[in-house]
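Beneath this line is the structure, given in structure tokens, with notes to follow.
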2 protein chains.
Amino acid sequence: MTDRAGTFDGVHRRNLSKVLGLVHLEGPRSRARLTAATGLNRSTVATLVAELVEAGLVIEQPPDPTNRVGRPSPVVAADPSVLAIAVNPEVDAVTIAAVGLHGAIPVRERIEVDVLPTPEAIAELTAATIDRWRAGQLQGARIVGVGLAVPGLVRAADGLVRWAPHLEWSDAPLRALVEAATGLPVAVGNDASLGAHAEHLFGAGRGVDDLVYLNGGASGIGGGLIVHGRLVGGTGGYAGEFGQNRPGFAEPGDRRAGADGVLEDEVSRARLLDVVGLTHVDEPTLAAALAESDDPAAADELARQRRVLAATLANAVNALNPSLVVLGGFLATVAESDLDDLARAVEAQTLAAAFEGVEIRVAALGGDRLMIGAAEAALAPLLADPLAAR
Amino acid sequence: MTDRAGTFDGVHRRNLSKVLGLVHLEGPRSRARLTAATGLNRSTVATLVAELVEAGLVIEQPPDPTNRVGRPSPVVAADPSVLAIAVNPEVDAVTIAAVGLHGAIPVRERIEVDVLPTPEAIAELTAATIDRWRAGQLQGARIVGVGLAVPGLVRAADGLVRWAPHLEWSDAPLRALVEAATGLPVAVGNDASLGAHAEHLFGAGRGVDDLVYLNGGASGIGGGLIVHGRLVGGTGGYAGEFGQNRPGFAEPGDRRAGADGVLEDEVSRARLLDVVGLTHVDEPTLAAALAESDDPAAADELARQRRVLAATLANAVNALNPSLVVLGGFLATVAESDLDDLARAVEAQTLAAAFEGVEIRVAALGGDRLMIGAAEAALAPLLADPLAAR
DNA sequence: GGTATTTGTTGCGCTTGACCCCAAATCTGA
DNA sequence: TCAGATTTGGGGTCAAGCGCAACAAATACC
């Protein structure tokens, strides 16, 4: 057990991690503000920042012209050349992006594919794209790792994709493949879990320590939990599969559409598309079509899905007493069709006290969510121990 | 912000806490084993232990006669005179016990009451009992705090009992009342949550970092979650109220008994008592009566409750991917009526991967569970910072 | 009874963050 | 325009805590 936690070295590392984490999460900050935020001594922060500059992880900029008394404090920012590569393989396309330690996304490509991508193809595509970028847009960049957001079950221990039904992968050793192809450290995670992480750090769940995130995709419903400010993985890393839950129905009006009763069969994008007679449209188009539709069946189906969603959320709220529920993907459309109604339905099925502090919001990060989440997973080792991963 | 986390003092405190926590949780241990467990240096552990001895929290005993080569190492044990008081108010009785830092329960009393106890009565009863014990059995003891396990919703921030339906309390400032009456630091928690904590630390969930605990009481079903090795409180501290969840029914055979569909209406001790025609018996008697009954209605009701319980557990397993599910109270009776059937029913309603590592067990601590959980809550500040709370 | 092994003990040195004092940079007000 | 106030960085010093190494003690094995 090389758990150097209780030692001096451990303190130093944790402090480095804390400072780097602050500039990463909160953006550029003056040294004075870092001192205040960390509770450390000025001189300590000075040496920590110097060390991070030395390691090429942060840069110090001339002080901002702040209209305040006193000596201006230099601004510490994440070094823009430090990048992680984020990859999101989907059925019809693979999205690859470079995400900076400072949060920006300098390059992003969506590569359409004709056939279902294999894990091997993803590894090769990722490696080729990185090589191309390194020769072009990302010259001089320092790529610290690759993060992949996969629509399927990912074993946390070794980045094995146990089952990705839509990609038709099973037991694919994705992490090993991409590591071999790129020579970089690789993190693999479930897309919805990484989305939850991203919303927690930079989106609608910013600063919230206990939240439930549910995302509605074309294929089904996934989710993620933040408890005590940390993403919940569970034993194998499969936590968050709310789509497979069976919500209970409180009132006769809460009716089933199908036979099975699993959430993602009841609350589904396909049913919404059906009811307005569309196929293959993006989310805003679907939302607009639903909003403009005069067909009572459309409003009815939205209401039905809201109530089933509410039952699931109520179960989660009773069990976890979060302070926030975040809904992404088409669940945002369902929720926004009548946010008050959804909240009331959840409230009706929860203990009063448990619902008290709960807010229901839609996700904030949009299309960058998975890129940010995947990059965050790739950056995690660096942030946890800035000097070890140099 | 007096967050001394990144400082030397913080390291020292954390190390003290780690050592004290080890002898508390794992029992008496040689200094050699403590050094191995903490990863610290021999000399460091020596000074830490000396400091804890000085503070009167641990004692050093002559080495155990171990048949191994080398110099024998003195055994470090929790000081038996350090105690916490645990209190569990119920409808018909109040249980009070003194629980040692070393885990033993030197005194325990169950005080029957004729009328529903009020919060004020609990405070006075607790203070009077402590005084009596201090003059008698607990002479020379050092009582570091009081922990109360309450069958109701407890606001974590201030120990306010928001709602305890069976005691008919609402918004009772229990922590303040007991603190005023005893002059001791007081912790208040939900009984089921504290039970989950106890099972996690000393019972069926020992060493398991992710578990779901459900307890069936006379009045309803409560629960608690351990995630990342920590008890989940949620924002307000109300997490774990699985009894109010509405499980979904997967098959036509999974049928409702009542109208509402809340778990604790469907899966209830009263229904089990009904079916064997008993009232007011203890758990072993009920379990025996159910096992011996020839009435097919009894087996049927047990099977029905198992399936509803399975649906709830399946939802929890999908969402949290725990490695263990612990069932206490009459839920243990329901589960043990056919543990395999329960496990199969859960498996049928979960994702294969999420269920993979899941084990279902019954609780292990029996009647001491709530006393241990409440005492643990009272001891928490001492364990977290051994020298601050002297 | 000698040797190997394990562990407590002691003293030293290194690392690290706190503290102090001074210098620098800016605002304020006369 | 200039002095005072205010805030912050920088360098030196200090103290605290842990690791390390050498030595001593206690046990088992041969």
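By convention in this document, chain letters (A, B, ...) are assigned in the order of the sequence lines, proteins followed by strands, and residues within each chain are numbered from 1.
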Query raised in the report: What does A:S43 touch in the nucleic acid at a heavy-atom separation under 4.0 angstrom: a base, only the sugar-phosphate, or nothing?
Result: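 Base contact.
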Just how far, in rounded Å, is [atom2] of [N] from [atom1] of [X]?
X	N	atom1	atom2	result
B:D64	C:dT7	CG	P	14 Å
B:R29	C:dT7	CZ	C1'	17 Å
A:L387	C:dT15	CG	P	15 Å
B:E51	D:dA16	CD	P	12 Å
A:L48	C:dT15	CG	P	16 Å
B:R31	C:dT6	CZ	P	18 Å
A:R13	C:dG17	CZ	C1'	17 Å
B:L34	C:dT7	CG	C1'	13 Å

Requested in this report: Check ring-ring contact (aromatic ring centres under 6.0 Å, His included) between B:H24 and all other residues, then give those that pass, not counting sequence neighbours.
Outcome: B:F202
Report task. Measure from the side chain of B:R42, starting at C-beta and using heavy atoms only, and say which of C:dT7, D:dG19, D:dG9 lies closest. Result ->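 Given the options C:dT7, D:dG19, D:dG9, the side chain of B:R42 is closest to C:dT7.
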Query - Among C:dG17, C:dT7, D:dC18, the nucleotide that comes nearest once only the side chain of A:T44 is considered - result: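 Nearest to the side-chain atoms of A:T44, counting from C-beta on, is C:dG17.
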Under 4.0 Å between a side-chain N or O of [X] and OP1 or OP2 of [N]?
X	N	result
B:N15	D:dG17	no
A:H12	C:dG17	yes
B:R14	D:dC18	no

Polar-atom pairs under 3.5 Å, protein N or O versus N or O of nucleotides 24-30 of chain C: list them with distances, or write none.
residue	atom	partner	partner atom	Å
C:dA25	N3	A:R71	N	3.4

Donor-acceptor list for residues 68-77 of chain B side chains, cut-off 3.5 Å, not counting sequence neighbours:
residue	atom	partner	partner atom	Å
B:S73	OG	B:R31	N	3.3
B:S73	OG	B:A32	N	3.0

Query - Side chain to side chain, A:L231 and A:I226, heavy atoms closer than 4.5 Å - result: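 A side-chain contact under 4.5 Å exists here.
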Report task. Sequence neighbours left out, what pairs pass ring-ring contact (aromatic ring centres under 6.0 Å, His included) with at least one residue falling in residues 47-84 of chain B? Result -> none
Query raised in the report: More 5' along DNA chain C: A:N41 or B:S30, using each one's nearest nucleotide?
Result: B:S30
**Report entry** side chain to side chain contact (heavy atoms under 4.5 Å, CB included) partners of A:R108, counting only residues at least two apart
**Finding:**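 Side chain to side chain contact (heavy atoms under 4.5 Å, CB included) list for A:R108, sorted by chain: A:T95, A:A97, A:I105, A:D368, A:M371.
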Report task. Name all residues meeting the side chain to side chain donor-acceptor pair (under 3.5 Å) criterion together with B:D64; count only those two or more places apart in sequence or in a different chain, and write none if there are none. Result -> none
Report task. Please report the shortest heavy-atom distance between A:P106 and A:G100, naming the atom on each side. Result ->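 Of all heavy-atom pairs spanning A:P106 and A:G100, the closest is CD-N, 4.3 Å.
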